[in-house]
Amino acid sequence: MKNKTKNDKLDPKFKHFMLQEIYAQPQAAMEAVTHYLSPENQEKAIAGIALDEKHLRELERVVILASGTSRHAGMVGEFMIERLARLPVDVDFASQYCYRDPLAEPNGLAVLLSQSGTTADTLLALYEAKAKGARTIAICNVEDAPLAREADGVLYTHAGKEIAVAATKSFTAQLTALFALGVHLGHTRRTLTTHETREHLDSLMQLPEKIEAALGCGELTHKCAVSMKDATSFLFLGRDISYPIALEGALKLKETSYIHAEGMPTGEMKHGPNAMVDERMPVVMLLTRNAMDAGSNLRWEKSMVLLEQVAARGVHVNAVACMEDAEAVAKHAAMVFAVPSAPALLLPVLEIIPLQLLAYHIAVLRGVNVDKPRNLSKSVTVE
Ligand code: M6R
């Protein structure tokens, strides 16, 4: 995969690369899905993963190592792989893993996630995982990057060149790749039947269209940004697989707007954070669900109770919810960013879209150079 030159040019329709890259996500996901699934390869999930099936069948553990936004994608991947392939998964900061003398991994797979493939911390984690005997696979956006060259296998994310410092399209492309990897592992290890594998792959094929629909909340996120731009602190809440999206929403806001923001698991509110939330601290709650999935419904109902309680105290809560639930959620939330419904493991890909847009609009309204926030660089090649 060559990152195409057209990604280097700012289309006059957009003011910044970050916005262009947010809106390029349906196309980026389509590109990835087309690469992973070919009509002849309907049951295999991933073409060319370059790791032998015997090893994948004997795997006992997966460790995902990455930094920043890529680590948040890895945290979503943990849910995907555990649920699809019934394998224990750990996620660590690449910068921590390389210094903690991890246990040997003779039947382990280390997945190294990196947009650039040049992040020093992630490269060091790769060397450490190899030294401990793990097989390694890089999930990377840049062809022939050091990480891709040095891992045993590579899965490219095919998102095209990303210029803005804040990762957006590479993040959703990483989620797409991790889902495909989970399906591939599940199929190879027979935790998924052929029928289930096909259903998951069908859901993957519908993803680009759903991302397009999620982008429909652009105007509302701008309106929300206008009313929230002067807040000094934000709290993002997500339960289960949405928790890493709360972290990513907070990171996007911090790096582009310089506003303090935290991401927390919704279920942790009553264990401390509830005390600091008042009408001066806006809350963004992730409230999507798949109504066909009992676990997803239960989590949603519990989060709705919390929404009601927090909103009753006069806290300004904005929510991301599925279109079918928008009306119910709007009874308590100030604004609802509606996204389409999807299988529970794919909802994070849709949830992040309004949060990226919100961060972008707040940053622009605050006069930040959004494509190049201060003190950050696109590729962090030193520790
Ligand atoms: O290129 P990588 O994915 O390895 O980069 C890792 C982080 O430095 C990166 O995700 C950083 O957190 C972004 N600026 C987030 O938007």
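Order of appearance sets the numbers: ligands from 1, and atoms from 1 within every ligand. This chain uses plain numbering: 1 for the first residue, then up along the sequence. If you're wondering where the values come from, they're calculated on a predicted model, not measured in any experiment.
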Can you sort out which atoms of ligand 1 are near [X], meaning under 4.0 Å from one of its heavy atoms?
X      : answer
Thr69  : 10 (O), 12 (O), 15 (C), 16 (O)
Ala166 : 16 (O)
Ser70  : 2 (P), 3 (O), 10 (O)

*asked:* Side chain or backbone, does Ala167 bring an N or O within less than 3.5 Å of an N or O on ligand 1?
replied: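 Yes, there is a polar N/O contact under 3.5 Å.
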*Taking N or O atoms only and a 3.5 Å limit, does Val165 qualify as a polar contact for ligand 1?*
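It does: an N or O of Val165 is found under 3.5 Å from an N or O of ligand 1.
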Give me the residue, atom name and distance of the protein heavy atom closest to [atom].
atom                   : value
atom 1 (O) of ligand 1 : Ser116 OG, 2.7 Å
atom 5 (O) of ligand 1 : Thr119 OG1, 3.5 Å
atom 8 (O) of ligand 1 : Val380 CG2, 3.9 Å
atom 7 (C) of ligand 1 : Ser67 O, 3.7 Å

_Given the ring of Tyr258, does Arg374 sit roughly above its face, with NZ or CZ under 6.0 Å from the centre of the six-membered ring and within 45° of the axis?_
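Relative to the ring axis of Tyr258, which defines the angle, Arg374 lies inside both limits.
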Do [X] and [Y] meet the criterion of a side-chain donor-acceptor pair at a distance under 3.5 Å?
X      : Y      : value
Glu248 : Thr69  : yes
Ser257 : Lys229 : no
Tyr99  : Glu383 : yes
Ser379 : Thr381 : no

*Decide whether the shortest distance between a heavy atom of Lys252 and an atom of ligand 1 is less than 4.0 Å.*
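So Lys252 counts as touching ligand 1.
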_Option with minimal heavy-atom separation from atom 16 (O) of ligand 1, where the choices are Glu255, Gln356, His72, Gln174_ =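 Residue with the shortest heavy-atom distance to the ligand atom: Glu255.
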*For Leu207 and Thr176, what are the C-alpha separation, side-chain angles and deciding distance, and is it a side chain to side chain contact (heavy atoms under 4.5 Å, CB included)?*
CA-CA 9 Å; Leu207 198 56; Thr176 309; 4.0 Å; yes
*Run the numbers on Arg86 and Arg189 for side chain to side chain contact (heavy atoms under 4.5 Å, CB included), then give the verdict.*
CA-CA 9 Å; Arg86 307 309 295 160; Arg189 295 167 57 80; over 6 Å; no
*Evaluate the criterion side chain to side chain donor-acceptor pair (under 3.5 Å) for residue pair Thr168 and Gln25; output intermediate values, then yes/no.*
CA-CA 8 Å; Thr168 53; Gln25 289 178 106; 5.1 Å; no
